[in-house]
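A short write-up of the structure that comes next.
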Amino acid sequence: MGPFLLEAAIKSAVLVMLLLTGFAYLTLAERKLVADFQARIGPNRAGPYGLLQPLADAVKLFFKEDFVPAYADRVLFVLAPLITLAPAIMIFAVIPFGPELTLLGYRTRLQLTDVNVGVLYIVAVTSISVYGVTLAGWASNNKYALLGGIRAAAQMISYELAMGLAIVSVVLTAGTLQVSGIVEFQRGGWLIFYQPLAAVIFFLTGLAEIKRAPFDLVEAEQELTAGYLTEYSSMKFALFFMAEYVKMIGFSALMATFFLGGYLGPFVDLYPALGVVYFTLKVILLLFLLIWIRATLPRIRYDQLMGLGWKVLLPLALANVMGTAVVIALIG
């Protein structure tokens with residue numbers, strides 16, 4: 001194995017390990033924070049301060065009965081959770097977690113790969129995950145699951161357009177499709193100050209993309225029992241659960257990268273390791289915001305979701321792209 005492949009393998013292994021650990025304790029953090037917001041106790045029995053609760057949940061899910069509906073499409077039923085999880089992890093391949101630094105005498109960049117069309121890669125990968133949810137609903141042979149899958153497809157179509165246009169505004173401003181280039185452009189100021197409307201649109205569409213409250217229409221228990229998850233149990237359910245929280249981390253990482261300067265911060269050039277600290281803090285703050293929103297806002301109606309996407313966010317995103325292009329043309 002060559003040095004490049006060895007480095008990529010080590011980075012990939014570390015990244016997956018961090019994501020799995022982060023997913024587990026993000027579930028615990030959400031349960032504890034929501035309990036605090038709602039004046040409840042929250043999990044505190046498994047281990048000191050409830051710190052072993054993710055392990056207890058994993059053991060419980062592993063030993064639960066794993067069943068497949070009698071008339072389900074068994075192949076797609078099993079593949080759907082994997083199709084949902086894989087893109088959630090693949091997003092991190094092009095996200096820079098820090099600048100170049102020296103580890104044990106070896107110079108490396110804290111990024112799995114720095115392709116010159118990284119933004120296109122992100123847009124393509126984020127569009128794939130909806131297939132897993134839609135296939136899960138269809139393969140379950142359950143009308144509530146099917147409705148949840150159809151909702152996921154409609155929701156993605158409605159919000160992917162506005163999200164893509166928000167990213168186009170970022171690309172126009174930074175002048176590059178390279179994710180590291182977008183971060184380096186923000187040495188002169190975070191893009192959230194240059195593109196505040198694009199930041200708001202990206203945040204709202206991201207909430208819909210990862211199906212978080214108040215846009216969690218695809219698993220509305222009052223209407224659809226549990227939506228596309230209705231027939232899933234045991235580790236298949238756990239994979240969907242994992243995908244949701246990995247997507248939360250991925251969305252927060254993208255938001256920090258595109259609009260909050262990524263790993264940039266005071267003294268990063270002198271102490272490159274600080275870049276990882278700044279990036280992690282930004283992601284944690286965004287995750288806290290996502291959890292706060294879930295604990296605060298009620299689920300909106302489906303027609304309101306569609307109306308917001310097509311009638312409000314899409315026209316605003318189009319206008320923002322046009323305005324950005326005009327300003328750049330005039331300045332250039």
Side-chain angles (χ1 to χ4, degrees), residues 13 15-35 38 40-70 72-92 129-142 144-146 148-149 152 210-213 216-222 224-252 287 290-291 294-295:
L15 181 59
V16 171
M17 182 184 68
L18 290 175
L19 284 177
L20 293 181
T21 306
F23 141 73
Y25 281 93
L26 180 56
T27 62
L28 177 63
E30 179 171 44
R31 292 171 67 179
K32 280 188 169 291
L33 284 171
V34 172
Q38 298 174 348
R40 295 186 287 107
I41 295 175
N44 66 349
R45 296 293 183 182
Y49 307 104
L51 291 177
L52 296 181
Q53 187 64 48
L55 179 61
D57 291 339
V59 172
K60 179 187 73 173
L61 284 169
F62 185 81
F63 285 103
K64 283 180 73 71
E65 180 184 2
D66 184 15
F67 60 86
V68 179
D73 187 316
R74 289 180 173 270
V75 174
L76 292 180
F77 189 83
V78 172
L79 286 179
L82 300 175
I83 296 173
T84 305
L85 177 62
I89 296 176
M90 289 166 61
I91 293 173
F92 293 89
S129 61
V130 72
Y131 290 110
V133 175
T134 306
L135 287 173
W138 184 83
S140 295
N141 192 38
N142 178 298
Y144 298 112
L146 179 59
I210 62 177
K211 295 176 281 294
R212 291 284 298 180
D216 53 340
L217 273 295
V218 300
E219 50 184 275
E221 64 273 7
Q222 298 97 328
L224 305 179
T225 308
Y228 68 97
L229 290 169
T230 301
E231 300 290 355
Y232 280 90
S233 64
S234 189
M235 292 309 294
K236 296 188 187 72
F237 173 83
L239 288 176
F240 277 119
F241 201 57
M242 183 187 303
E244 177 182 342
Y245 283 88
V246 172
K247 285 179 184 176
M248 280 180 63
I249 300 172
F251 168 66
S252 299
L287 289 171
L290 292 177
I291 296 171
R294 180 184 178 183

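Sequential numbering from 1 along the given sequence is applied to the chain's residues. Remember, predicted model here, so these are calculated numbers, not experimental data.
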Verdict with reasoning, Thr84 to Lys247, per side-chain contact (heavy atoms from CB on, under 4.5 Å): CA-CA 10 Å; Thr84 305; Lys247 285 179 184 176; 3.8 Å; yes

Residue Tyr49 excluded, over 12 heavy atoms near OH under 6.0 Å: no

Under 6.0 Å from the CZ atom of Arg45, do we count more than 12 heavy atoms belonging to anything else shown? no

Does the side-chain contact (heavy atoms from CB on, under 4.5 Å) test come out yes or no for Tyr232 and Ser140, once each step is laid out? CA-CA 8 Å; Tyr232 280 90; Ser140 295; 3.8 Å; yes

Could you walk me through whether Ile249 and Phe92 satisfy the side-chain contact (heavy atoms from CB on, under 4.5 Å) test, starting with their C-alpha distance in whole Å, then the side-chain angles of each, then the deciding distance to 0.1 Å, before giving a yes or no? CA-CA 10 Å; Ile249 300 172; Phe92 293 89; 3.9 Å; yes

Who passes side chain to side chain donor-acceptor pair (under 3.5 Å) against Arg212, sequence neighbours left out? Glu30, Glu244

Under the side chain to side chain donor-acceptor pair (under 3.5 Å) test, residues paired with Glu65 that sit two or more places apart: none

Could you state the interatomic distance from [atom1] ([X]) to [atom2] ([Y]), rounded to the nearest 0.5 Å?
X      : Y      : atom1 : atom2 : value
Leu135 : Leu82  : CG    : CG    : 12.0 Å
Asn142 : Leu229 : CG    : CG    : 11.5 Å
Leu61  : Phe237 : CG    : CZ    : 7.0 Å
Ser129 : Ile91  : OG    : CD1   : 7.0 Å
Leu20  : Leu15  : CG    : CG    : 9.5 Å

Does Leu19 reach the side chain of Met242, with side-chain heavy atoms less than 4.5 Å apart? no

Return the orientation label for the Tyr228 and Phe240 ring planes: parallel under 30°, perpendicular over 60°, tilted otherwise. perpendicular

Closest heavy-atom pair and its distance - [X], [Y]:
X      : Y      : value
Leu76  : Ala139 : CB-CB, 3.8 Å
Pro43  : Leu28  : CG-CD1, 3.8 Å
Glu231 : Phe77  : O-CZ, 3.4 Å
Ala56  : Ala46  : CB-CB, 4.3 Å
Ala152 : Val133 : CB-CG1, 3.5 Å
Ala88  : Ala243 : CB-O, 4.1 Å

Show the numbers, then the answer: is there a side-chain contact (heavy atoms from CB on, under 4.5 Å) between Asp66 and Met235? CA-CA 7 Å; Asp66 184 15; Met235 292 309 294; 6.0 Å; no

Result for side chain to side chain contact (heavy atoms under 4.5 Å, CB included) between Gln53 and one of Asp57, Leu55, Leu51 points to Asp57

Under 3.5 Å, is there a donor-acceptor pair between the side chain of Thr27 and the main chain of Ala24? yes

